[in-house]
Amino acid sequence: MQGNLSAWLVKHGIVHRSLGFDYQGIETLQIKPGDWHSIAVILYVYGYNYLRSQCAYDVAPGGLLASVYHLTRIEYSLDQPEEVCIKVFAPRQNPRIPSIFWVWKSADFQERESYDMLGISYDNHPRLKRILMPESWIGWPLRKDYIAPNFYEIQDAH
């Protein structure tokens, strides 16, 4: 089933894959990493001027990693804001996705958290470094194949 945005993208020759709708009726699209930045700019110009959230997850042990963007189109003429969910999948060995920081500044900390927890590199992000874990931390804690170290150093725990 194809939604309004997917139909508009097809009409304008923009390559994507429709993943249907979620339980709230929000259209979900899959975009290739190499096409993501240019499509993000197109979506911004089309009216999706608000990045509600960005997150990432590990699809399966040894499988792909996904970066998920929830965009909202807010206009005075719209009674109900339009929303879309964009999924960009990257290979586990070298997960690289273009940063959309320069399109939506609110992606800053969210992309950094996805990098910190899953190791997805966001190309052209101005400050891509760990945000939750110490810089010396080895590995990506939210990957399904992550093996937790057998020691934990807790300072001032009481």
Side-chain angles (χ1 to χ4, degrees), residues 5-6 9 14-19 22-24 26-75 81-158:
L5 180 59
S6 183
L9 292 172
I14 299 169
V15 178
H16 70 287
R17 179 176 171 216
S18 177
L19 299 177
D22 70 6
Y23 71 98
Q24 293 178 317
I26 296 172
E27 186 174 10
T28 304
L29 304 176
Q30 179 182 344
I31 307 292
K32 292 180 182 176
D35 299 334
W36 173 224
H37 188 267
S38 58
I39 291 176
V41 171
I42 290 167
L43 292 175
Y44 185 84
V45 171
Y46 183 72
Y48 286 93
N49 51 6
Y50 179 64
L51 173 66
R52 189 165 47 100
S53 69
Q54 182 277 332
C55 63
Y57 66 94
D58 190 346
V59 177
L64 297 171
L65 301 174
S67 188
V68 182
Y69 302 84
H70 295 273
L71 305 174
T72 305
R73 185 177 181 198
I74 300 173
E75 293 180 7
E82 293 177 25
E83 296 183 36
V84 67
C85 175
I86 305 292
K87 293 187 177 186
V88 182
F89 295 95
R92 172 179 236 83
Q93 290 72 27
N94 187 21
R96 303 187 76 79
I97 295 174
S99 173
I100 46 100
F101 171 83
W102 300 106
V103 181
W104 295 282
K105 297 285 193 255
S106 59
D108 185 10
F109 283 12
Q110 297 174 59
E111 287 183 342
R112 285 180 60 192
E113 182 179 355
S114 296
Y115 166 74
D116 194 7
M117 296 288 107
L118 292 156
I120 299 172
S121 292
Y122 292 91
D123 296 335
N124 297 318
H125 189 286
R127 293 176 291 279
L128 191 63
K129 61 180 182 176
R130 291 199 182 268
I131 190 169
L132 300 172
M133 305 302 286
E135 285 291 329
S136 60
W137 195 267
I138 298 172
W140 315 109
L142 289 185
R143 286 193 181 188
K144 292 181 178 176
D145 56 0
Y146 178 72
I147 299 172
N150 60 0
F151 67 91
Y152 293 93
E153 186 174 320
I154 301 174
Q155 298 176 356
D156 300 324
H158 43 294

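Please read all numbers here as calculations on a predicted model, not as lab measurements. For reference, positions follow the sequence shown, starting with 1.
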Value for SG (C55) from NE2 (H70), rounded to nearest 0.5 Å, stands at 5.0 Å

Test of understanding: with salt bridge (Lys or Arg N to Asp or Glu O under 4.0 Å), list the residues that count as partners of E82, not counting sequence neighbours.
R73

Would you give the length of the straight line joining atom OG of S38 to atom CD1 of I14, rounded to the nearest 0.5 angstrom?
8.0 Å

Answer yes or no: are there more than 12 heavy-atom neighbours, outside K129 itself, under 6.0 Å from its atom NZ?
no

Tell me whether R130 at atom CZ has more than 12 heavy atoms from other residues, nucleotides or ligands lying less than 6.0 Å away.
yes

For residues 118-126, which side-chain N or O atoms pair as donor and acceptor with protein atoms under 3.5 Å away, sequence neighbours left out?
from, atom 1, to, atom 2, distance (Å)
Y122, OH, Q54, NE2, 3.1
Y122, OH, S67, OG, 2.9
D123, OD1, R96, NE, 3.1
D123, OD1, R96, NH2, 2.7
H125, ND1, R127, N, 3.0
H125, ND1, L128, N, 3.3
H125, NE2, D108, O, 3.2
H125, NE2, D108, OD1, 3.2

Among all residues two or more places apart in sequence or in another chain, which pass the salt bridge (Lys or Arg N to Asp or Glu O under 4.0 Å) test with R52?
E83

To the nearest 0.5 Å, what is the distance between CH2 on W140 and CG on D116?
7.5 Å

Let me confirm one number: the CD1-SG distance from I26 to C85, rounded to the nearest 0.5 Å.
7.5 Å

From L19 atom CG to E27 atom CD, the distance as rounded to the nearest 0.5 Å
9.5 Å

I'd like to know whether I86 forms a side-chain contact (heavy atoms from CB on, under 4.5 Å) with L43, so could you lay out the CA-CA distance, the side-chain angles of the two residues, the decisive distance to 0.1 Å, and finally the verdict.
CA-CA 11 Å; I86 305 292; L43 292 175; 4.0 Å; yes

Give every residue pair that meets the salt bridge (charged side-chain N to carboxylate O under 4.0 Å, His left out) criterion with at least one member in residues 134-146, sequence neighbours excluded.
R92-D145

M117 side, atom CE; L65 side, atom CG - distance, nearest 0.5 Å
13.5 Å

Residue list, side-chain contact (heavy atoms from CB on, under 4.5 Å) with P91, at least two apart or on another chain
Q93

Check whether F109 forms a cation-pi arrangement with R112 (NZ or CZ under 6.0 Å from the six-membered ring centre, at most 45° off the ring normal).
yes

Would you check, one step at a time, whether the test side-chain contact (heavy atoms from CB on, under 4.5 Å) holds for Y146 with D58?
CA-CA 11 Å; Y146 178 72; D58 190 346; over 6 Å; no

Would I39 and L29 count as a side-chain contact (heavy atoms from CB on, under 4.5 Å) here? Give the steps.
CA-CA 11 Å; I39 291 176; L29 304 176; over 6 Å; no

Does a side-chain heavy-atom distance below 4.5 Å link E111 with Y69?
yes

Could you tell me which residues satisfy side-chain contact (heavy atoms from CB on, under 4.5 Å) with Y44, sequence neighbours excluded, listed by chain and number?
N49, V103, W104

V88 and K32 have their tightest heavy-atom pair at CG1-C, 4.3 Å

